[in-house]
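The shown structure was predicted, so the numbers you read here are calculated from the model rather than taken from an experiment. To find a chain, count down the sequence lines: A is the first, B the second, and so on, and within it residues start at 1.
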Number of protein chains: 2
Amino acid sequence: MYRWNGKDYRCPIEVTMDILGGKWRSLIFWHLGQKKLRFGELQKIVPGISKKVLTEHLKNLEKGGFIEREVFPEVPPRVEYSITSKGKKLLEVLNVMEKWGRDFLEAEGEKI
Amino acid sequence: MYRWNGKDYRCPIEVTMDILGGKWRSLIFWHLGQKKLRFGELQKIVPGISKKVLTEHLKNLEKGGFIEREVFPEVPPRVEYSITSKGKKLLEVLNVMEKWGRDFLEAEGEKI
DNA sequence: CAGTATCCATGGCGATACTG
DNA sequence: CAGTATCGCCATGGATACTG
């Protein structure tokens, strides 16, 4: 039994889901795993997400040390997000999920 | 771009999260991956889940063909759930998530 | 451009009671 | 034992307007 971030975990699956779960987090993180992206680029690439929600998730991921936020002192402002070395470990999990999802959709989905 | 179960997917990660996401589904499925379990056993092993929610998730997983429901015509009734061969593929994803979560909690969690 | 600030909607989940 | 049936909450997310 472990405690992390103020919560108790009996099973390790739970913490993984708490970090990657929800409607958007895994998606945001996976795209950042492909390349460094600006805030606005992320909003375009993740279809339909609002600024508010995107901001929240980016903050969480940064707080967990999985991504890094780099601010360029320019006008207009530029902010780039990228994954950390700690994030790269987590990205391997996402890669497995992505591969399974691809095979699954290939087998059971309808191409449109 | 794929469609499955009436929903469109741009990124395969999304379908994986739709199947495994939420507070309980991955946990239920992972425990079934360890061994065949009865309804009541599942309720005991998954801490705090209600019958209603457990029933809902089991139905979803069964509908997706990931688990199997076997009813024994006895009194009192006995129902056993187990994963299918299709579910075993998905279980590999869960195993990766479990391993990452375990390493993560070992590194950053507090043992209690 | 990259966010905050508000307000509002919804569906996943919880609690409890009941049943074949 | 293995579920249904209700009822209700609340965290997550959506829409829109505003700002440094």
Side-chain angles (χ1 to χ4, degrees), chain A residues 5-8 10-11 13-29 31-32 36-64 67-82, chain B residues 5-8 10-11 13-29 31-32 36-64 67-82:
Chain A
N5 208 21
K7 188 175 165 186
D8 297 349
R10 291 167 177 273
C11 175
I13 297 264
E14 292 177 274
V15 75
T16 312
M17 283 303 305
D18 278 356
I19 290 167
L20 291 180
K23 187 170 177 182
W24 300 115
R25 251 197 308 278
S26 61
L27 214 50
I28 295 167
F29 186 71
H31 282 296
L32 283 178
K36 181 181 290 196
L37 288 167
R38 300 177 60 170
F39 186 88
E41 291 176 318
L42 261 172
Q43 219 192 336
K44 274 181 204 109
I45 214 171
V46 178
I49 194 168
S50 71
K51 293 182 176 198
K52 178 199 154 202
V53 174
L54 179 55
T55 304
E56 285 169 3
H57 289 317
L58 287 171
K59 278 183 178 160
N60 278 339
L61 286 167
E62 192 194 1
K63 188 180 165 201
I67 65 172
E68 228 165 29
R69 182 174 182 270
E70 193 179 359
V71 183
F72 297 84
E74 309 169 357
V75 179
R78 179 159 60 107
V79 180
E80 289 187 350
Y81 293 90
S82 54
Chain B
N5 209 19
K7 188 175 164 185
D8 296 349
R10 291 168 177 273
C11 175
I13 296 266
E14 294 177 273
V15 75
T16 311
M17 282 303 304
D18 278 355
I19 290 167
L20 290 181
K23 188 170 178 183
W24 299 116
R25 252 196 310 275
S26 61
L27 213 51
I28 294 166
F29 187 71
H31 283 296
L32 283 179
K36 181 181 289 198
L37 288 166
R38 300 176 60 170
F39 186 89
E41 292 176 319
L42 261 172
Q43 219 191 335
K44 273 182 204 109
I45 215 171
V46 178
I49 195 170
S50 72
K51 293 182 177 200
K52 178 198 154 201
V53 174
L54 180 54
T55 304
E56 284 169 2
H57 290 318
L58 287 172
K59 276 183 179 162
N60 278 340
L61 287 167
E62 192 195 0
K63 187 180 166 200
I67 65 172
E68 228 166 29
R69 181 174 182 271
E70 192 179 1
V71 183
F72 296 85
E74 306 170 0
V75 180
R78 180 160 60 106
V79 180
E80 289 187 350
Y81 293 91
S82 54

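- Note that the CH2 atom of A:W24 and the CD atom of B:E14 stand 7.0 Å from one another [nearest 0.5 Å].
- No contact: A:F72 has no heavy atom under 4.0 Å from any strand.
- For the side chain to side chain contact (heavy atoms under 4.5 Å, CB included) criterion with A:I28, the lone passing option out of A:N60, A:L58, A:I67 is A:L58.
- The heavy-atom pair separating A:K63 from A:N5 by the smallest distance is NZ-OD1, 4.1 Å.
- When each of B:K52, B:R25, B:E62 is paired with B:H57, the side-chain hydrogen bond (donor to acceptor under 3.5 Å, both in side chains) condition holds for B:R25 and for no other.
- Scanning DNA chain D 5' to 3' for nucleotides with an atom closer than 4.0 angstrom to a non-hydrogen atom of chain A gives a first and last hit of D:dG13 to D:dG20.
- Side-chain atoms of A:Q43 and A:R38, non-hydrogen and from C-beta on, never get closer than 4.5 Å to each other.
- Using a 4.0 Å cut-off on heavy atoms, the residues of residues 48-62 of chain B that approach DNA chain D are B:K51, B:K52, B:T55, B:K59, listed by number.
- Residues of residues 19-28 of chain B that place a heavy atom closer than 4.0 Å to DNA chain C, in numerical order, are B:G22, B:K23, B:W24.
- For B:L20 against A:M17, the heavy-atom pair with the smallest separation is O-CE, 3.9 Å.
- Partners of A:V79 according to the side-chain contact (heavy atoms from CB on, under 4.5 Å) rule, which considers only residues two or more places apart in sequence or in another chain, are A:R69, A:V71, A:Y81.
- For B:E70, the salt bridge (Lys or Arg N to Asp or Glu O under 4.0 Å) partners two or more places apart in sequence, or in a different chain, are B:K36.
- Between B:F29 and B:I19 the shortest side-chain heavy-atom distance does not fall below 4.5 Å.
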Handout entry: Nucleotide-level pairing of DNA chain D, given in dot-bracket where Watson-Crick and G-U pairs need both distances under 3.5 Å and | marks other strands
Key = ||||||||||||||||||||
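- A 4.5 Å side-chain heavy-atom check between B:V53 and B:K23 finds every atom pair outside the cut-off.
- Among B:L27, B:L32, B:I49, the single residue meeting the side chain to side chain contact (heavy atoms under 4.5 Å, CB included) criterion with B:L42 is B:L32.
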